[in-house]
Number of protein chains: 2
Amino acid sequence: MIDLRFPTALQIVLGIQIAEEDGVRCTSQKLADSLGVNASFVRKLLVPLSRDGIVAASQGKGGGVRLARKPETITLRDIYLTVTDEKKLWVARSDVPCQCVASANIVQFFERLAGEAEGLVLQMLANRTVADSVSEIRKLEMARLSGYVVSRTARNG
Amino acid sequence: MIDLRFPTALQIVLGIQIAEEDGVRCTSQKLADSLGVNASFVRKLLVPLSRDGIVAASQGKGGGVRLARKPETITLRDIYLTVTDEKKLWVARSDVPCQCVASANIVQFFERLAGEAEGLVLQMLANRTVADSVSEIRKLEMARLSGYVVSRTARNG
DNA sequence: TTGAATGCAATAGTCATGGATACATTACGG
DNA sequence: CCGTAATGTATCCATGACTATTGCATTCAA
């Protein structure tokens, strides 16, 4: 199984913020529909997001999900770490016999390498907030709309 | 299942070079033993490595595996790409309904993000050659040895 | 009180990956 | 030539992380 937790969680959080800006109440069912997944899966991802203070859910009729903090203060790194839960980007073999001199050192070497890779990725994610991302998505929307107009004009002209 | 192909392939390639430097003939069985894995798995990984001109295997009695190029010309990026075979670091959900305006753009946004992350990691891997890595492992070995001496001295003194 | 929502547990399904085995092929060396 | 030792390759099974589904308890506003 391919791990879809990060992309899904990201879509959830961004969707919550977009709904907020559009003045629409957001429920796990609506999120699930927009993602094409089960509402239970959405709620499963909401557990760690809620625990870490990224989203806040209110129960009962008229309830729903909203961001627990300002979107400017939530980075994609927060979401990633919350949802993937200790899972490393790469993991070294754990059961190498280490009979020859090299084996043990190769393992250590790889762990350093994996740590460096993960650090790079996390830093990249830390530089992007939910607010940034949503505004970037809005820009994509604009570009898409104008792209449609252009191509239609081109086709008609 | 955790994907261990890259760490395993890396240990294979580095092990081949280390054996070469030490004047030892390297076979898939020896590699498998030193990794604690099945020889079949080693050979499975050797297929793409051989196809892409990273290692070269000679059949028959007295045969074995060696590097197909100078270790200075093989980067860890080469090994990674060869072995993981089109598998992305992150993959977006493929089946989002895209009914609302945001969905399609979020997917595109995530694909860009994933591409950027993968680019960072690949660039980091491209900056390290097999020769670099082996010499770094040699240094780790030195450090480990001197570390042992220090701790033994400390315990005795 | 009722309906709409989250919270949560249990269970089954999926599927990429690793492990194991067998056997064909190749090539060296006597 | 023939035996040995190695790669090349195919097949099948085991494993385990992740997804999907269902059901039900809980909460809370109207």
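Every value quoted in this text rests on a predicted model; they were computed, and no experiment measured them. Only heavy atoms go into these numbers, but all of them, side chains included; no hydrogens, no water, no symmetry mates. Letters A, B, ... mirror the listed sequences (proteins, then strands); counts begin at 1.
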For a salt bridge (Lys or Arg N to Asp or Glu O under 4.0 Å) check, start with the C-alpha distance between A/Arg138 and A/Asp22, then their side-chain angles and the critical distance, and finish with the verdict. CA-CA 12 Å; A/Arg138 301 284 194 196; A/Asp22 294 351; 3.3 Å; yes

Near DNA chain D, under 4.0 Å by heavy atom, which residues of residues 52-61 of chain A? A/Gln59, A/Gly60, A/Lys61

For nucleotides 9-20 of chain C, 5' to 3', base contacts (B), sugar-phosphate-only contacts (S) and non-contacts (-) with protein non-hydrogen atoms under 4.0 Å give BB--BBBBBSBB

In this structure, how many angstroms lie between the P atom of C/dA5 and the CD1 atom of A/Ile16, rounded? 15 Å

Can you tell whether the side chains of A/Asp3 and A/Lys87 come within less than 4.0 Å, N to carboxylate O? yes

Indicate yes or no for a side-chain donor-acceptor contact from A/Ser50 to the backbone of A/Val47 under 3.5 Å, with no hydrogens or angles considered. no

B/Leu31 atom CG is separated from D/dG8 atom P, nearest whole Å, by 12 Å

Could I get the full list of side chain to side chain donor-acceptor pair (under 3.5 Å) partners for A/Glu118, not counting sequence neighbours? none

The single option from B/Leu14, B/Val13, B/Thr75 passing side chain to side chain contact (heavy atoms under 4.5 Å, CB included) against B/Ser133: B/Leu14

Which atom names give the shortest non-hydrogen contact between B/Arg25 and B/Gly62, and what distance separates them? NH1-C, 3.4 Å

Give the rounded distance in Å between these two atoms: CG of A/Leu46 and P of C/dA5. 14 Å

May I have the step-by-step check of side chain to side chain contact (heavy atoms under 4.5 Å, CB included) for B/Asp78 and B/Arg69, ending in yes or no? CA-CA 12 Å; B/Asp78 298 332; B/Arg69 310 200 301 259; 3.3 Å; yes

Would you say the side chains of A/Gln123 and A/Asn127 form a donor-acceptor pair under 3.5 Å? no

Once you round it to whole Å, what is the distance between P of C/dT21 and CZ of B/Arg43? 13 Å

Length of the line joining B/Ile12:CD1 and D/dT7:P, which is rounded to integer Å: 11 Å

Interatomic distance, A/Leu35 CG vs D/dT21 P [rounded to whole Å]: 14 Å

Just the rounded figure in Å: distance from P of C/dA5 to CG of A/Asp33. 11 Å

For A/Phe6 and D/dC18, what is the distance between atoms CZ and P respectively, to the nearest whole Å? 15 Å

Below 4.0 Å: OP1/OP2 of D/dA6 and any side-chain N or O of B/Thr27: no

Donor-acceptor pair, side chain of B/Asp132 and main chain of B/Thr129, under 3.5 angstrom: yes

